[in-house]
Amino acid sequence: MTQEDLRSLFRTVGDGSGLSHTNTYYEEELALAFRNRGMPLEGLRYDITPTGMHYLLIHFDIPDADADSWKLDIGGLVGNPLSLSMSDIRERPKVTMPVTMECAGNGRARLNPRPVSQPWLLEAIGTAEWTGTPLRGILEDAGIDSSAVELVFTGRDEGVQGGEVQLYQRSLTIEDSMRDEVMLVYEMNGAPLEPQHGYPLRLIVPGWYGMTSVKWLENIEAVAEHFTGYQMDQTYRYKTSPDDPGVPVSTMRVRALMLPPGVPEFMTRTRLLDSGDVTLSGKAWAGRLDVTQVEVSTDDGMSWHKAELGKQVGRFAWRNWSYDWNAKPGTHFLSVRATDEEGNVQPTAQPWTMQGMGNNLVQRVEVIVR
Ligand SMILES: Nc1nc2c(c(=O)[nH]1)N[C@H]1C(S)=C(S)[C@@H](COP(=O)(O)O)O[C@H]1N2
Ligand SMILES: [Mo]
């Protein structure tokens with residue numbers, strides 16, 4: 001292909017006039033996007049996301065923290081309140097588990113109209129090997145009172161959101177907190193947690209969207225009523241209008257992503273690929289459910305073909321998929337969609353909500369084959 005051919009095939013124009021301008025972004029969203037990086041999609045090639053490529057989401061600031069003086073307090077409706085140091089926690093039974101985590105806002109910026117917030121496209125995802133101790137053992141030692149219905153998890157980070165001064169807090173029912181896989185972790189990918197990922201201690205709730213996995217965890221309180229904090233009742237809701245109380249966001253919806261084939265054009269990320277046989281591949285996950293099917297379309301969603309399911313990285317981690325494609329010269333739109341064991345399949349029309357939560361609309365990858 002000549003330079004002229006490529007210039008006319010790729011949408012980029014020097015002044016940006018060839019770029020997508022269905023969305024214009026506020027500078028504040030850009031600032032959030034710098035703070036809260038995503039996983040570059042080529043990171044889909046790794047079963048375990050390198051720590052520096054795992055997505056980040058931090059509502060306020062990364063707090064100052066020191067493992068030597070850190071204390072986790074467990075109180076409220078418990079028979080035996082505890083105050084644990086990091087060495088107390090490290091002495092407890094140790095488990096390591098790969099867990100796929102996704103931000104509930106992943107896909108938000110692909111909605112139209114776009115909810116203004118952290119403008120994720122598809123990259124708020126990662127799979128890390130987390131090391132820590134099961135929460136359940138600690139709860140058993142604390143002796144949760146039978147009158148308790150939820151645990152409130154409080155991080156050290158403080159800020160203002162929706163006009164409310166708050167610490168980052170989320171709650172979980174006692175039943176969900178007692179599940180075998182829920183962990184208090186102090187290592188990620190074999191190294192101490194980095195400051196931005198919750199050093200020195202965080203919660204990991206496998207299968208749930210990321211907001212549940214409270215970082216910089218300082219306090220667990222057993223309470224007798226549903227906790228109505230900002231991050232529970234004001235946000236992380238599937239709401240369709242301002243006065244709709246909405247439904248709480250919980251486990252991750254089914255989704256597959258494709259490792260973009262070939263090489264990218266600098267601005268648009270449209271792919272350039274040589275014609276011939278190519279194996280398309282990627283990862284798929286479905287919260288606490290299993291992925292039962294992955295399908296690929298190479299004709300912009302007109303027809304779908306079963307992909308081969310590959311290795312599942314862990315009970316609560318994504319699984320590989322692949323599909324062999326004979327790429328013919330021209331422009332193609334590739335898509336992938338997954339189905340979970342309950343028959344939920346990713347939508348091809350946007351699941352619009354006020355806060356842009358749980359948008360698992362299928363990915364669409366533009367590819368120019370030469
Ligand atoms: N204390 C605290 N915990 C938090 C958050 C936060 O802002 N503060 N963000 C949550 C959200 S919305 C997500 S998606 C995950 C992101 O975890 P990561 O940055 O380690 O990927 O952390 C969750 N835990
Ligand atoms: Mo998130």
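Counting convention: from 1, in listed order, for ligands and their atoms alike.
Atoms of ligand 1 lying under 4.0 Å from any heavy atom of Ile58, numbered from 1 in the order shown and given with element: 7 (O). Contact atoms of ligand 1 toward Met101: 17 (O), 18 (P), 20 (O), 21 (O) (distance under 4.0 Å to a heavy atom of the residue). Ligand 1 places these atoms under 4.0 Å from at least one heavy atom of Cys103: 14 (S).
Only side-chain heavy atoms of His54 come within less than 4.0 Å of ligand 1; its backbone N, CA, C and O stay farther off. At a heavy-atom cutoff of 4.0 Å, ligand 1 is contacted by the backbone of Ser213 but not by its side chain. Residue contacts with ligand 1 for Arg156 are absent, since no atom lies close enough (heavy atoms, distance under 4.0 Å).
Of the protein's heavy atoms, Leu57 O, 3.1 Å lies nearest to atom 9 (N) of ligand 1. Counting protein heavy atoms only, atom 11 (C) of ligand 1 is closest to Met211 CA, 3.6 Å. Protein heavy atom nearest atom 3 (N) of ligand 1, with residue, atom name and distance: Lys215 N, 2.9 Å. In terms of protein heavy-atom proximity, atom 7 (O) of ligand 1 is nearest to His59 N, 2.8 Å. Scanning all protein heavy atoms for the shortest distance to atom 17 (O) of ligand 1 gives Arg202 NH2, 3.3 Å. Nearest protein neighbour of atom 23 (C) of ligand 1, counting heavy atoms only, is Gly210 O, 3.2 Å.
When Asp157, Ile204, Asp61 are checked for heavy-atom proximity to atom 8 (N) of ligand 1, Asp157 turns out nearest. Taking only non-hydrogen atoms, the option from Trp120, Tyr168, Tyr55, Tyr236 nearest to atom 10 (C) of ligand 1 is Tyr168.
Between Glu102 and Arg255 there is a salt bridge, since a side-chain N of the basic residue sits under 4.0 Å from a carboxylate O of the acidic one. Arg114 has a carboxylate O that lies under 4.0 Å from a charged side-chain N of Glu29, or vice versa, which qualifies the two as a salt bridge. Checked for salt-bridge contact, Lys283 and Asp47 meet the test: a charged N lies under 4.0 Å from a carboxylate O.
Enclosure of atom CD in Glu308 is not indicated, since only 12 or fewer non-hydrogen atoms of other residues, nucleotides or ligands lie within 6.0 angstrom.
Of the N or O atoms in Trp130, none lie within a sub-3.5 Å distance of an N or O in ligand 1. Considering backbone and side-chain atoms together, Gln196 places no N or O closer than 3.5 Å to any N or O of ligand 1. Annotation: Trp216 places no N or O atom under 3.5 Å from an N or O atom of ligand 1; distance criterion only.
Judged purely by distance below 3.5 Å, without hydrogens or angles, the side chains of Ser281 and Thr279 never pair a donor atom with an acceptor atom. Neither side chain, Asp244 nor Ser241, offers a donor N or O lying under 3.5 Å from an acceptor on the other.
Inter-residue side-chain proximity for Thr339 and Val254 is flagged as unmet; no heavy-atom pair is nearer than 4.5 Å. Leu44 places none of its side-chain heavy atoms less than 4.5 Å from the side chain of Met258. For the pair Gln166 and Gln231, the minimum side-chain heavy-atom distance is below 4.5 Å.
For the pair Arg253 and Tyr238, the cation-pi test (distance below 6.0 Å, angle within 45°) is passed.
The aromatic rings of His54 and Trp130 sit perpendicular to each other, their planes meeting at more than 60°, with 30° as the lower class boundary.
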